[in-house]
Amino acid sequence: MYQFLDDLNADQRAAATAPLDGVLLVLAGPGTGKTKVITARVAYLMLHYKLPPEDIVVATFTKKAANEMVERLDVLLAQFPEVDHKKLMIGTFHSICVRILRRYGRLIGLNSGFKIADEADSRHLVKKAVKTLSQEGVDLASKEQDVKSYKNYISSHKNKAQLPDDVPSAKSANHRNKYLDIYREYQEELLRNNVIDFDDCLLLTHTLLKKHPYCMGRVKHVLVDEFQDTNAVQLGLVYMLSGYNESHLHNVTVVGDPDQSIYGFRNAEAENFFRMEDYYRQKGVTVSKVSLTQNYRSTSNILNLAEQLMGQQFGKREQKKLKSNKKVNLPVELFSSADNKVEAISISKKIKELVDGAVFRCSDVAILLRAGFLSRVIEQELIHSNLPYQVVHGRSFWENKEIRLMMNFMRAVASDMDWLGYSRCLEFHVAGLGPKSMQIIEDLFMEQRAHNEPGNVLAILEGIAEGRVKGIMAKSVAGIKEVLDIIKSSRKLLLDDKTEQEQLSTMFNNIVTKTKLVSIIAKERADKHDSPEEEIEANLNELQNQLVSFNIQEETLLQDAYETEDLIEVADESFDALAETSASLDKLTQFLDSVYLYEETKDAKKTAPKITITTVHGSKGLEWPVVFVPALCDGILPSQYALNTSLDEAKRQAALDEERRCMYVAVTRAKERLFLSYHHRALGFSMGDQAKTKSRFLNLPKGFVQSSKAAMLKGPPLNLSQPTSRFANVMRSSPSLNTTYKGFQPASKLTGNAFTPEGLTKISKPTKKRLGMGRPLRFLKK
DNA sequence: CACTAAACTATTTTT
DNA sequence: TAGTTTAGTG
C-alpha cells in the first residue's frame, strides 16, 4: 500500500496502521524501531485517514527527538507532496505549550509578551524571593543547597499541577509553610519580570485548556514519544488535547518503554502507562497495545544481560522477550580495578586495542557514566594516551560565562523590558555597582511595572546618566553610560543599510569589543587554563554563527489553524515593541526566545572520529558499537541517594529501581561489545579517597558476563590507609611497572575469527543521528 | 559600601 | 575542582 509500511515488521506495522479511533499503547523496548513506528504512524494518519497535519499533535521529550522525526518525515513523505507535514504541531511538550500560550495565554491573564526564564533566571528569582522573605523576618537559609531544595519543592508542585493555592496544607511541620511562602513569592517575582519558567510552560497550558478547552478543539490525534518520561501535568495535557473534538474523541497514540524511565527525579511517572489505560478504559474507550520485540541493535548476550538485570526490579514489570538479529555474539566483559584511575587506564588500553586492531574506530566507542563528574579521571587518561574524545554535556555550551553574558547583552538590546537581562549586563560591566545600587534601579523598574506599565530599563538608566537618581556612585554612573552606549549603538547597527546577516554580526562584534568581554573573562581563567582567549573566542564564534544562521520558526502555525478563532479574542501585540524595529531585530528576538526551547544543543562535531563520553541520561535514544559502562560501584550506580537508608522502604525501592533502569538504558546502548567495570577505591577531591564496592546490580548469575581478571593490577593488595594517588601516579609514569599490568587480552584473541574487520565496518557506523532515515531501512532489510 | 582574597563545600540526571 | 560564601580591607 505505502512503501514505508513494507519496511516495517509485522508488529511495527500493526502499530503504525492501528485504527484511527481509540487509544494505542506501543511498548517499544530498546532498539525496536520506536521512532520509525511513530513516524510511520503519523504519515499513515495523514495519508490513509486523511487527517490534516495541523490537527495532529506530536509531542516529544527532547528537541533532538523532534528534529529527528521531522527529518524522517521529510524522507518518508517526499513522494506525497499533497501532504504538508510542515504544518504538524510537532515539538517538545514545552515548545508546543509555549506556542499555545503565545496565542491564547491572554485568556488566563498572561501577558502575551512573556519571556521564558531559563534555569539561571529561575534560580536568581528563587534567591530573590528568599531574600525578600528574610527581610520580612522569616528565618530562611539561602545557601546553594537550600536554593536547590526550594526549587525542587516548587518544581515538584508545579509538575503536579499545584499552584501555591492548590498546595495541600501541611499537617504539622512548619518548615513546609516557609517553602510555600517562597513558592508564592517566587511566582510574584516571575510575574513582575513578565517571565514564565519551564514548568509554567506546561502548567499554564494545563490551566488554560482546563478553562478553555475549545482553544485546541480541533486536535484530532495526539501522539507522544517517550511516554514513560511524562509527568502528571503532561498526562493531563494529553487528556485535554484529545478530549474536546467530538468527531475525534480520545484518539491517542503513545510510544515508550517503562523500563527506560529514568527521569523520576524530574517528576516523570512511568505509571502513566497504567494510569492512562485505566482512565480510558473507564471512559469506555478502546485501548489496544502493541509490544515491539524485535531488536535491531544489540547482540543477544547484551539483551540477555539487560533482561536479567531488570528481572531484579522490586516493582512490577512485564517480562520482555527481545530477539536479537545479530549473528555475532561476543560475551559481555566485566573487570575490576584497584581504583578509578587504574580503571581509566584499563579502558583506554582496551580502546586502543579495539581501534588498533582496525575493528572499530574511535567514533564507534562510547563511555557512559552515571554522573558528569566521573568523566574527569577518564578524560585525563584519554588525553594521556592520545585518544581523541568528546564530552557530550547537555547544555554546557550555553552555561559558559561568555555565552551567558552575550545572551544577556543581546536580551537587553532586544528589549527594554528585560530587567533580568539588563541587570546581568550592569553587574558585569559597571564597576562600583553593588547590591545596594542594583536594588535602587530594580525598585524603579518594579515601580513602573506596578503601575501596569511594561517597564523600561533603558529609560531608567538614562535618568541615572542624567543624574536624576540619588544613591548611585559617580564611578557607577560612568559605567552605566557605557552600557547605554553599548545597547544604543548595537541597536543602531541593526538598522544599518546592510544585509540582515551583516547587521547581526556587526552588532555582535560591537558588544564583544565594547565590553572587552574576552580579555576580562580570560583574566579570570588565566591561572587555570593555558590559553583561555582561544577558547572564549571559539565559543563566541560559535554563538555568532548560530545567531546569524538562525532561521525564524514558523510561529504562524497556530495562526490559522483554528475554527474557534472568532470565539477567542486574538492575542494582542506584545507591548514590548521598540520605537524602531527591523527584520534583524525581529530575528534577534526570536533567536533569544528559541534558544532554550527549540534550538538543539549541538552535539559537537558529529563527523569527528572521537570517542564519546556522556552520561547515561544523555545517551538515551543513541547507540554505539562499543560501549563502556565504568564506575559500577554502590554509591555511583546505584547512586548514593538510592542507598540512603533514611528513606522509607517503598521510596528506597523505587529509587533503586530507577537506578537499575539507568543501568538498563546504559547497557542497551551497545550494539556489539559491552564492557562493564568497577573500582575498589575512588581517588577523589578534597573529601579524600573513598573505598568502593562492586555495584549490587552486578550480582548476576553465572554466564551473563565474562570476568576479565587480567584487568586487575598485579601486586600486593591495596593498603587503604596509604595515599593511593601516589601509587597510581607511579603506575602511570613508570614504564617498568606498567609492563606488569596485563590489561586486556588483545582484541584478536577475544574476537576470534568470527569478526573480520571488513564485515564489521559495514554495521559499525556511529550514532543514530548519522544513520538518518535511509540507512536503517537498508540495514533492517538484510 | 564595594572589592578582594581566603575559606568552604558539594558533587546526578535536564526540558 | 570550581563555584559560592565569608571576612577583612580600603
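Every chain is numbered from 1, with letters handed out A, B, ... down the list of sequences.
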dT13(B) C1' sits how many Å from Arg660(A) CZ, rounded?
18 Å
Salt-bridge test for Lys692(A) and Glu343(A): reply yes if a basic N is under 4.0 Å from a carboxylate O, no otherwise.
no
With the side chain of Arg266(A) defined as its heavy atoms from C-beta on, choose the nearest nucleotide among dC1(B), dT15(B), dT5(C).
dT15(B)
Short side-chain N/O contact from Thr60(A) to OP1 or OP2 of dT15(B), under 4.0 Å:
no
Examine the side chains of Asn272(A) and Thr230(A) and answer whether a donor and an acceptor come within less than 3.5 Å of each other.
yes
What do you reckon, is CZ of Phe314(A) surrounded by more than 12 foreign heavy atoms closer than 6.0 Å?
yes
Against the side chain of His617(A), the closest entry in dC1(B), dT15(B), dT14(B) is dT14(B)
Between Asp200(A) and Leu203(A) (side chain of the first, backbone of the second, donor and acceptor by atom type, cut-off under 3.5 Å), is there such a pair?
no
Taking dT12(B), dT14(B), dT15(B) as options, the one with an atom nearest any side-chain atom of Thr615(A) is dT14(B)
Out of dC1(B), dT12(B), dT5(C), which has the shortest distance to the side chain of Ala371(A)?
dT12(B)
d(NE2, His206(A); P, dT15(B)) in whole Å
22 Å
Could you check how far CE of Met473(A) sits from P of dA2(B), rounded to whole Å?
6 Å
Please pick, from dA2(B), dT1(C), dT13(B), the nucleotide with the shortest atom-to-atom distance to any side-chain atom of Arg376(A).
dT1(C)
Rounded distance in Å - NZ (Lys148(A)) to P (dT12(B)):
5 Å
Checking all strands, does Gly372(A) fall into the base, sugar-phosphate, or nothing category for heavy-atom contacts under 4.0 angstrom?
sugar-phosphate
I want to confirm an ordering. Mapping Gly432(A) and Ser639(A) to their closest nucleotides on DNA chain B, which one lands closer to the 5' end?
Gly432(A)
Check whether any side-chain N or O of Arg123(A) sits under 4.0 Å from OP1 or OP2 of dT4(C), and answer yes or no.
yes
Provide, to the nearest angstrom, the distance between the CD atom belonging to Glu427(A) and the C1' atom belonging to dA2(B).
13 Å
Whole angstroms only, please: what is the CZ-C1' distance between Arg370(A) and dT13(B)?
5 Å
With a 4.0 Å cutoff (strictly under), does any side-chain N or O of Ser437(A) reach OP1 or OP2 of dA2(B)?
yes
Base, sugar-phosphate alone, or nothing: which one does Tyr641(A) contact when heavy atoms must sit under 4.0 Å apart?
base
Would you measure the distance from the C1' atom in dT12(B) across to the matching atom in dT5(C) and give it in whole Å?
23 Å
For atom CD of Glu119(A) and atom P of dT15(B), their distance in whole Å
10 Å
Any donor-acceptor pair under 3.5 Å linking the side chain of Ser261(A) with the backbone of Pro258(A)?
no
Lys151(A) has an atom NZ; how far is it from atom C1' of dT13(B), in whole Å?
14 Å
